[in-house]
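Structure first, then comments.
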Amino acid sequence: MNRQFVAFLSMFSLVLVLSIYYVMLPSKTKKPSADPVINNVEEGTDPYFDMMILEQETQHKEVIDQQYDIIASSEYTNAEKAIALELIEKEEQTMKSEKDLRDIIIGMGKPTCFVEINEKDVYVLTVSENKTMQEVAEIIFSVQDYLHAEMNVQVSFR
């Protein structure tokens, strides 16, 4: 009986000390975010565009991660790994170009926009009250000037 009583007191003491310890810990008022991209949402932006950009960035990162998996694996040949490196570089360049084009279009006075670059096409979605052909032409010329290529540019307004 003495052993059981000593064991009970030891466990009770341990639980009591741990409880006091956790109660006395300073509480964090700001919880860390699991998704740092959402923290970059600027005040006054359109959630529709923000969600499209977030999904696009997630897709780019998935492609890059898949290519890094190929590079890290011993199952692939050096030629396949070289192709994976090229795809990573291409995907990163596409991400940079899409961001730069968004910045250019926002700089043209459009409050928010979404840009998607494919092999031969560029898709631009932006907000405009006027929706004139002059706005469309300015966006197309700006995109082609930035990319230094004649690509099919499709401009849509929301």
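M108 CE: more than 12 foreign heavy atoms inside a 6.0 Å radius. Open room surrounds CD on E89; 12 or fewer heavy atoms of other groups in view lie less than 6.0 Å from it. Within 6.0 Å of the CG atom in N118, the count of heavy atoms belonging to other residues, nucleotides or ligands exceeds 12.
The shortest distance between side-chain heavy atoms of I71 and D69 does not fall below 4.5 Å. F114 is not listed as a side-chain neighbour of T126, based on a closest heavy-atom distance of 4.5 Å or more. Using a 4.5 Å heavy-atom threshold, the side chains of I106 and P111 count as separate. The shortest side-chain heavy-atom distance between Q154 and V122 does not fall under the 4.5 Å cut-off. Looking only at side-chain heavy atoms (C-beta outward), D100 and K96 come within less than 4.5 Å of each other. E116 has its side chain out of reach of L125: every pair of non-hydrogen atoms, C-beta onward, lies at least 4.5 Å apart. Put simply, the side chain of E55 does not reach to within 4.5 Å of the side chain of M52, judged on heavy atoms. Side-chain contact between K99 and M95 is absent, with no heavy atoms from C-beta onward closer than 4.5 Å.
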Assess whether side chain to side chain donor-acceptor pair (under 3.5 Å) is satisfied between S142 and E138, documenting all intermediate values. CA-CA 6 Å; S142 295; E138 288 174 1; over 6 Å; no
For the pair I53 and R102, evaluate side-chain contact (heavy atoms from CB on, under 4.5 Å) and give the outcome as yes or no after the intermediate values. CA-CA 10 Å; I53 292 168; R102 280 195 307 269; 3.5 Å; yes
Under the criterion side-chain contact (heavy atoms from CB on, under 4.5 Å), I'd like the reasoning laid out for L85 against Q67: C-alpha separation, chi angles, the key distance, then a yes or no. CA-CA 7 Å; L85 279 172; Q67 300 310 312; over 6 Å; no
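The line from OG of S128 to CD1 of I139 is 7.5 Å long, rounded to the nearest 0.5 Å. Note that the CD1 atom of I64 and the OG1 atom of T94 stand 9.0 Å from one another [nearest 0.5 Å]. Distance check, rounded to the nearest 0.5 Å: CD1 of I88 to NZ of K81 gives 12.0 Å.
Under a hydrophobic clustering in which Ile, Leu, Val, Met, Phe, Trp and Tyr are joined whenever their side-chain heavy atoms come within less than 4.5 Å, directly or via other members, V115 and I104 fall into the same cluster. I140 and V124 fall within the same hydrophobic cluster, where Ile, Leu, Val, Met, Phe, Trp and Tyr residues are linked whenever their side-chain heavy atoms come under 4.5 Å apart, directly or through other members. The hydrophobic clustering, which links ILVMFWY residues whose side-chain heavy atoms are closer than 4.5 Å, places V136 and V153 together. Transitive grouping of hydrophobic side chains (ILVMFWY, heavy atoms separated by less than 4.5 Å) keeps Y146 and F141 in distinct clusters.
With sequence neighbours left out, the salt bridge (charged side-chain N to carboxylate O under 4.0 Å, His left out) criterion links E91 to no other residue. Residues forming a side-chain hydrogen bond (donor to acceptor under 3.5 Å, both in side chains) with E129 (at least two apart in sequence, or on another chain): none. Take E119 and apply the salt bridge (charged side-chain N to carboxylate O under 4.0 Å, His left out) test, not counting sequence neighbours, and it matches K90.
For the residue pair H60/E92, the side-chain donor-acceptor check at 3.5 Å is not satisfied. In this model, no donor atom of one side chain and acceptor atom of the other lie less than 3.5 Å apart for T58 and E62.
For C113 against F49, the heavy-atom pair with the smallest separation is C-CD2, 3.6 Å. For L147 against M151, the heavy-atom pair with the smallest separation is CD1-SD, 3.5 Å.
The side-chain tip of R158 points at the ring of Y48 from less than 6.0 angstrom away and within 45° of straight on.
At distances below 3.5 Å, not a single donor-acceptor pair connects side-chain atoms of E80 with backbone N or O atoms of Y76.
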